[in-house]
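Counting from 1, the numbers follow the sequence of the chain as shown.
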Amino acid sequence: MLIRYKKSFEKIAMGLLSFMPCEKDIKQLQQTMKTYESDDQWQLYMWKDEDIIGIIGIHILDDQTAEIQHISVNPSYRKEGIGKAMLKALKEMHKNKQLKPNEYTATFFQKCHLEEDS
Ligand SMILES: CC(C)(COP(=O)(O)OP(=O)(O)OC[C@H]1O[C@@H](n2cnc3c(N)ncnc32)[C@H](O)[C@@H]1OP(=O)(O)O)[C@@H](O)C(=O)NCCC(=O)NCCS
């Protein structure tokens with residue numbers, strides 16, 4: 001289940017985001033968290049099963065388009081379809097928008113063939 005980020009998830013969110021190659025630097029990661037917490041156009045969602053095990057973040061560019069900035073799954077739960085399930089759930093939440101990747105999420109996004117499925 002995909003749920004919206006809240007401040008109490010900060011540590012787990014930072015841990016998950018740090019698996020992304022573009023967020024290895026702590027200063028960069030802190031800046032990213034600040035952006036998600038302060039800018040309404042930047043939205044962070046967490047994948048909750050029993051625990052929180054995944055994260056996906058978007059930047060809403062306009063009424064029709066949202067760009068996927070971050071996607072990450074706890075290494076213990078990878079290759080179980082959670083990454084793809086997060087993309088599909090996000091698409092369900094933003095039905096009227098086209099989801100597109102940025103340079104850091106493109107390879108996985110393209111592998112999921114999201115637009116053809118939906
Ligand atoms: C990318 C990521 C979110 C996928 O999560 P996941 O829950 O394992 O994904 P799924 O189970 O839905 O899909 C797994 C498939 O995606 C592939 N995959 C994993 N990482 C990938 C990547 N960076 N680019 C393209 N494909 C990738 C796997 O090889 C697997 O393929 P297979 O089914 O043919 O073996 C996860 O590997 C991760 O957190 N990586 C670190 C963060 C990161 O680099 N994110 C940006 C990715 S572009």
Side-chain angles (χ1 to χ4, degrees):
M1 180 177 61
L2 207 56
I3 56 173
R4 265 311 277 277
Y5 168 82
K6 53 185 174 188
K7 189 77 180 166
S8 59
F9 298 151
E10 186 175 27
K11 283 209 173 75
I12 179 112
M14 287 178 80
L16 288 165
L17 287 176
S18 72
F19 291 120
M20 294 224 31
C22 57
E23 299 291 347
K24 293 287 175 210
D25 177 66
I26 183 71
K27 288 228 157 52
Q28 170 62 46
L29 183 55
Q30 284 165 342
Q31 183 56 48
T32 296
M33 286 309 296
K34 214 168 150 187
T35 305
Y36 279 119
E37 284 172 358
S38 60
D39 185 336
D40 287 346
Q41 303 310 111
W42 286 70
Q43 299 181 358
L44 202 51
Y45 298 87
M46 321 289 293
W47 186 261
K48 190 171 187 301
D49 207 343
E50 275 174 26
D51 296 314
I52 288 170
I53 51 178
I55 195 163
I56 187 164
I58 55 171
H59 179 199
I60 304 208
L61 301 181
D62 55 43
D63 286 350
Q64 286 115 42
T65 326
E67 192 173 75
I68 300 160
Q69 304 295 320
H70 298 95
I71 183 161
S72 178
V73 170
N74 178 320
S76 306
Y77 296 89
R78 287 187 192 161
K79 298 211 173 201
E80 294 178 11
I82 291 165
K84 187 166 186 181
M86 288 200 294
L87 281 175
K88 286 187 120 178
L90 193 71
K91 178 72 190 163
E92 273 297 300
M93 279 182 178
H94 295 273
K95 280 201 178 93
N96 58 339
K97 288 191 181 59
Q98 191 203 356
L99 294 184
K100 59 177 204 176
N102 71 358
E103 60 179 300
Y104 305 115
T105 58
T107 54
F108 182 67
F109 182 87
Q110 278 148 14
K111 194 184 160 75
C112 289
H113 306 292
L114 188 72
E115 298 300 329
E116 289 118 77
D117 284 0
S118 53

Answer yes or no: does atom NZ of K24 have more than 12 heavy-atom neighbours from other residues, nucleotides or ligands under 6.0 Å?
yes
Quick check: are there more than 12 heavy atoms from other residues, nucleotides or ligands sitting under 6.0 Å from CZ of F9?
yes
N/O donor-acceptor pair under 3.5 Å between T105 side chain and I68 backbone:
yes
Please check this pair: side chain of N74 against backbone of S76, looking for a donor-acceptor N/O pair closer than 3.5 Å.
yes
Does a side-chain heavy-atom distance below 4.5 Å link T32 with Q69?
no
Nearest heavy-atom neighbours spanning D39 and Q41
OD1-N, 2.8 Å
CD1 of I71 to SG of C112, rounded to nearest 0.5 Å, is 6.5 Å
For G83 versus V73, what's the shortest heavy-atom pair and its separation?
N-CG2, 3.9 Å
Answer yes or no: does atom CZ of F108 have more than 12 heavy-atom neighbours from other residues, nucleotides or ligands under 6.0 Å?
yes
CD on Q43 to CE on M93, rounded to 0.5 Å
9.5 Å
Which atom pair, heavy atoms only, marks the closest approach of S18 to G15?
OG-O, 2.7 Å
Tell me, yes or no, whether the heavy-atom count around D63 atom CG, taken from other residues, nucleotides or ligands under 6.0 Å, exceeds 12.
no
Measuring from K91:NZ to L2:CG, what's the distance to the nearest 0.5 Å?
14.5 Å
Between CZ on residue F19 and CZ on residue R78, distance to nearest 0.5 Å:
6.0 Å
To the nearest 0.5 Å, what is the distance between CD1 on I58 and CH2 on W42?
10.5 Å
Side chain to side chain contact (heavy atoms under 4.5 Å, CB included), that's the test. Do M33 and L17 meet it? Break it down for me.
CA-CA 9 Å; M33 286 309 296; L17 287 176; 3.6 Å; yes
Could you tell me the separation between the CD atom of Q28 and the CD atom of E23, rounded to the nearest 0.5 Å?
4.5 Å
Ring pair (Phe, Tyr, Trp, His ring centres under 6.0 Å) partner of H70, chosen from Y36, F109, Y5, Y45:
Y36
Exercise: identify the closest heavy-atom pair between K97 and D62
CE-O, 3.7 Å
Is H59 close to N102 at the side-chain level, that is, under 4.5 Å between some pair of heavy atoms?
no
